[in-house]
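Worth saying up front: this structure is predicted, and the values here are computed from it rather than measured. Labels below follow one simple rule: chain letters A, B, ... track the order of the sequence lines, proteins then strands, and each chain is numbered from 1.
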There are 2 protein chains.
Amino acid sequence: MRVLVVEDEVRLAETVRRGLGDGGFAVDVVHNGEDAVWIATENAFDVIILDIMLPKLNGYKVLEELRRRGVWTPVLMLTAKDGEYDQSDAFDLGADDYLTKPFSFIVLVARLRALIRRGGPERPVILTAGDLSLDPARRRVERTGQEIPLTPREYGLLEFLMHHRGDVTTKSEILGGVWDPAFEGDPNIVEVYVRYLRNKIDVPFDRHAIETVRGMGYRLAHDGG
Amino acid sequence: MRVLVVEDEVRLAETVRRGLGDGGFAVDVVHNGEDAVWIATENAFDVIILDIMLPKLNGYKVLEELRRRGVWTPVLMLTAKDGEYDQSDAFDLGADDYLTKPFSFIVLVARLRALIRRGGPERPVILTAGDLSLDPARRRVERTGQEIPLTPREYGLLEFLMHHRGDVTTKSEILGGVWDPAFEGDPNIVEVYVRYLRNKIDVPFDRHAIETVRGMGYRLAHDGG
DNA sequence: ACGACCGCTGAGAAACTCCTGAGTGTCAAG
DNA sequence: CTTGACACTCAGGAGTTTCTCAGCGGTCGT
């Protein structure tokens with residue numbers, strides 16, 4: 001689940017990044033409106049958290065520009081209580097939800113989930129690979145109807161692989177998409193989590209659902225193993 | 001897609017190198033301004049990532065010097081937030097885009113793609129030679145729809161030959177393009193890998209897809225053997 | 001035909017990648 | 001305080017890939 005956070009207050013941005021990261025979201029942060037338009041145009045995020053007060057291009061302009069460019073990713077706007085803009089403006093411009101600062105983190109996550117669940121009409125709500133299924137809205141993974149409990153990291157990894165199902169993804173891509181983009185630890189962590197996942201989702205005596213492509217990365221089979 | 005990274009912070013340079021490398025870019029890294037001018041003048045890069053704070057010759061001087069020499073490769077500058085230079089200076093001097101450190105890797109790649117796209121016509125996404133096909137995005141090679149698994153080196157060699165398909169490429173060119181430009185080992189390695197490739201991609205009882213041109217080098221036939 | 005050169009080949013050493021089990025640190029619940 | 005869940009680190013080992021090397025055979029100029 002990829003989230004773009006557009007927020008110029010570094011402290012707040014970091015808090016949100018960490019919190020959502022722990023919640024299993026892959027978070028990218030940009031600090032001004034221009035970058036926001038760029039990155040949101042070039043990448044497919046599941047939801048965008050957009051502050052109004054921004055350097056270079058304020059939140060309303062960003063939203064306007066995105067919609068003009070045909071980017072219909074759900075947007076949750078952050079409005080200040082005392083701002084010059086009225087909250088209802090957000091809806092007028094095509095925001096899908098808004099939150100007044102300061103906000104509770106729990107509320108933020110709940111609203112995000114709701115937005116994602118509503119989602120875009122074009123995106124299938126439930127990802128599947130063979131008899132493996134993953135429901136992003138409920139963060140639930142099943143094999144033949146049987147729930148498989150996963151930790152947040154495991155879930156993040158599986159969701160990432162599901163999105164790229166059939167393609168080889170490199171360890172760096174996985175690190176960038178599932179861990180913090182600036183993660184500087186041992187890349188071996190990917191191998192370790194692939195193993196954890198395999199232990200949970202593989203069918204005994206069957207081949208791995210997650211195939212190792214030596215020297216390249218990993219690929220989740222279309223038929224889920 | 002060749003990228004030159006000019007960055008003196010070794011850690012950051014390495015991160016960028018690895019990330020872009022996995023993204024299918026051929027990455028060269030230099031750590032100071034003088035080397036940057038030299039290598040960028042002598043080679044045809046598709047885009048240059050240029051840090052401002054550099055030993056010997058700072059980023060602005062490098063850019064100035066390159067333009068003076070008639071090198072018009074698109075340049076993306078990395079500016080520090082607290083630097084003495086203003087970001088708008090970058091545009092004045094002929095930079096095509098800039099990014100403020102610290103930056104998100106995703107943003108970097110998106111900007112690069114955009115720059116390259118602006119710079120020239122899109123390259124064909126899938127390379128073919130007869131019933132051989134190579135998909136750079138998926139790092140996947142097929143013959144009549146049947147996947148042929150290759151090691152990273154074998155893949156690199158085949159991709160190189162595919163790019164020069166129909167032309168004779170010398171052993172030195174291959175060494176420079178597929179191995180590290182500073183490779184100092186036995187050039188016989190090329191012959192060895194041509195053989196490995198032939199064993200995997202040739203059709204039995206047919207002529208070699210990779211033709212030997214004695215005294216010159218190798219040529220990949222347009223019709224793939 | 002002969003020697004010099006060039007590319008081909010098989011074997012094996014060296015380097016690397018990935019897997020795995022064990023262990024540390026943190027945090028929250030009991 | 002203890003326990004357990006989770007995220008992550010680390011080191012050893014198996015297997016693969018990369019590279020080196022030496023001998024062989026074909027080709028070319030003389």
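Taking atom CD on B/Glu191 and atom P on D/dT18, their separation rounds to 17 Å, with Å as the unit. Between the OH atom of B/Tyr193 and the C1' atom of D/dT20 there is a distance of 11 Å, given to the nearest Å. At whole-Å resolution of the value, NE2 in B/His208 and P in C/dT9 are 6 Å apart. Note: CZ (A/Arg18) to C1' (C/dT26) measures 14 Å, nearest angstrom. We find that CE of A/Met216 is positioned 12 Å from C1' of D/dT17, with the value rounded to whole Å. Rounded to whole Å, atom C1' of C/dC19 lies 14 Å from atom CD1 of A/Ile189. For the pair A/Asp202 CG and C/dC19 P, the computed distance is 12 Å after rounding to whole Å. In this structure, CD of A/Glu184 is placed 20 Å from P of D/dA7, rounded to the nearest angstrom.
When distances are taken from the side chain of A/Val192 to each of D/dC10, C/dC18, D/dT20, the shortest belongs to D/dC10. Here the nucleotide nearest the side chain of A/Arg214, chosen from C/dT17, D/dC8, D/dC6, is C/dT17.
Between B/Trp179 and B/Phe160, the ring centre distance reaches or exceeds 6.0 Å.
A/Tyr218 comes within 4.0 angstrom of the backbone, heavy atoms only, and of no base. Using a 4.0 Å heavy-atom cutoff across all strands shown, B/Tyr196 reaches at least one base atom of the nucleic acid.
A donor and an acceptor atom never sit less than 3.5 Å apart when one is taken from the side chain of B/Asn188 and the other from the base of D/dC19. Taking 3.5 Å as the limit, the base of D/dT17 and the side chain of B/Arg153 contain no donor-acceptor pair of atoms between them.
The side-chain tip of B/Arg139 points at the ring of B/Tyr155 from less than 6.0 angstrom away and within 45° of straight on.
Here the shortest heavy-atom pairing between A/Thr212 and A/Arg198 reads OG1-NH2, 2.7 Å.
Neither OP1 nor OP2 of D/dA5 sits under 4.0 Å from any side-chain N or O of A/Thr151. For B/Lys171 and C/dC6, the shortest distance from a side-chain N or O to OP1 or OP2 is not below 4.0 Å. Put simply, B/Arg198 has a side-chain N or O that comes within less than 4.0 Å of OP1 or OP2 on C/dC8. The side chain of A/Trp179 contributes an N or O atom lying less than 4.0 Å from OP1 or OP2 of D/dC8.
Under 3.5 Å, the side chains of B/Asp202 and B/His208 contain a donor-acceptor pair of N or O atoms.
Residue A/Leu150 is the one, among B/Asp186 and A/Leu150, whose nearest nucleotide of DNA chain D lies closer to the 5' end (criterion: closest heavy atom).
Only one option out of A/Asn188, A/Val190, A/Ile189, A/Val194 pairs with A/Lys171 in a side-chain contact (heavy atoms from CB on, under 4.5 Å); it is A/Val190.
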